[in-house]
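Right, one structure below, let's go through it.
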Amino acid sequence: MKTTKNTSTSDTKTKSTRTQSKPRGSVKAKSSAAEGLRELFVESLKDIYWAEKALTKALPKMAENATSEDLINTINDHLKVTEEQVSRLEQVFELIEEKATAKKCEAMEGLIKEGESIMEETQQGPVRDAGIIGASQKIEHYEIATYGTLAAFAETLGENEALQLLQQTLNEEKEADSLLTEVAYNNINFEASEEEEDEE
Ligand SMILES: [Fe+2]
Ligand SMILES: [Fe+2]
């Protein structure tokens, strides 16, 4: 007699759980624009996932080529941060229930290549250091633009936990950029211009 109630209870429960798991943002409605934005969000995540992984290999090469202690430390510190960012992206994929997949990021590949040619074309010392700083800052600015966009997408899609993680990485990229500026203005650029004068 009392058992008949159970069926309807579990039915209601399933429905409410489903609505609770997608509670946020107005865009989450089944519009094709929202679906399109979500696809773009996932594709961009795959892109930056590839980029961050590529950077874990590129940054050690930059540190090896650098002379200034400050610069070497800044790069090595950011390498550790970058490794954490890779795992943070894996968390984001998990949160939005997508498989963590890397998709080749042509832009980052180009920026890394540019850094490599600067290192080949310069002699080890302050000029190469200045080149490494320039190349690194282009990389950081690309990351800042990317994470800014990803954070905006996450916010629009109502993915609030993902948003927080992406914002954390965005702040780290901004910090890396200003640390590189500090290194550059503290000595490297100045020394580099002095060396050029000496060569003339
Ligand atoms: Fe990064
Ligand atoms: Fe970075």
Side-chain angles (χ1 to χ4, degrees), residues 40-96 98-119 122 128-155 157 159-189:
L40 191 59
F41 179 55
V42 175
E43 285 309 299
S44 310
L45 281 171
K46 289 178 182 174
D47 225 61
I48 196 68
Y49 186 49
W50 185 95
E52 294 287 14
K53 282 184 156 186
L55 284 171
T56 61
K57 289 172 199 143
L59 289 173
K61 284 184 210 159
M62 286 177 160
E64 270 169 39
N65 271 276
T67 306
S68 145
E69 281 294 315
D70 270 4
L71 180 56
I72 295 169
N73 291 338
T74 305
I75 296 172
N76 282 333
D77 287 351
H78 196 56
L79 171 64
K80 281 178 219 142
V81 169
T82 301
E83 281 159 0
E84 284 162 25
Q85 290 172 346
V86 171
S87 348
R88 197 174 295 137
L89 280 172
E90 285 160 3
Q91 275 175 263
V92 172
F93 279 112
E94 214 180 306
L95 279 168
I96 62 163
E98 294 281 344
K99 194 172 167 249
T101 326
K103 199 184 113 197
K104 190 176 180 181
C105 172
E106 308 278 354
M108 186 56 79
E109 191 187 40
L111 288 169
I112 290 172
K113 274 189 187 159
E114 191 180 298
E116 282 169 354
S117 25
I118 289 168
M119 292 191 284
T122 51
R128 185 178 289 173
D129 281 2
I132 291 173
I133 292 173
S136 307
Q137 285 194 299
K138 284 187 192 178
I139 290 171
E140 295 314 316
H141 281 237
Y142 178 80
E143 288 184 299
I144 290 166
T146 303
Y147 281 106
T149 303
L150 283 169
F153 286 177
E155 191 172 14
L157 292 166
E159 295 289 356
N160 295 329
E161 282 173 272
L163 169 65
Q164 275 171 24
L165 293 174
L166 293 165
Q167 215 125 38
Q168 200 179 333
T169 299
L170 177 62
N171 291 337
E172 288 171 355
E173 308 296 15
K174 284 181 183 169
E175 205 198 330
D177 180 50
S178 43
L179 286 172
L180 285 163
T181 303
E182 234 171 79
V183 173
Y185 284 99
N186 278 348
N187 46 42
I188 313 291
N189 280 347

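By convention here, the first residue in the shown sequence is residue 1. All ligand and atom numbering here is 1-based and tracks the order in the structure.
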ask   = Between D129 (side chain) and T67 (backbone), is there a donor-acceptor pair under 3.5 Å?
value = yes
query = Atom CG in N171, atom CD1 in I144: separation rounded to 0.5 Å?
reply = 10.0 Å
key: W50 side chain reached by K103 side chain, heavy atoms, under 4.5 Å   = no
ask   = Closer than 2.8 Å to the Fe ion (ligand 1), how many protein N/O/S atoms do you count?
value = 5
ask   = Is the closest basic N to carboxylate O distance between K46 and E43 below 4.0 Å?
value = yes
note = Test side-chain hydrogen bond (donor to acceptor under 3.5 Å, both in side chains), reference H78, set E83, Q85, E175, E173, output is E173
ask   = Taking side chain as C-beta onward, heavy atoms only, is T146 less than 4.5 Å from L170?
value = no
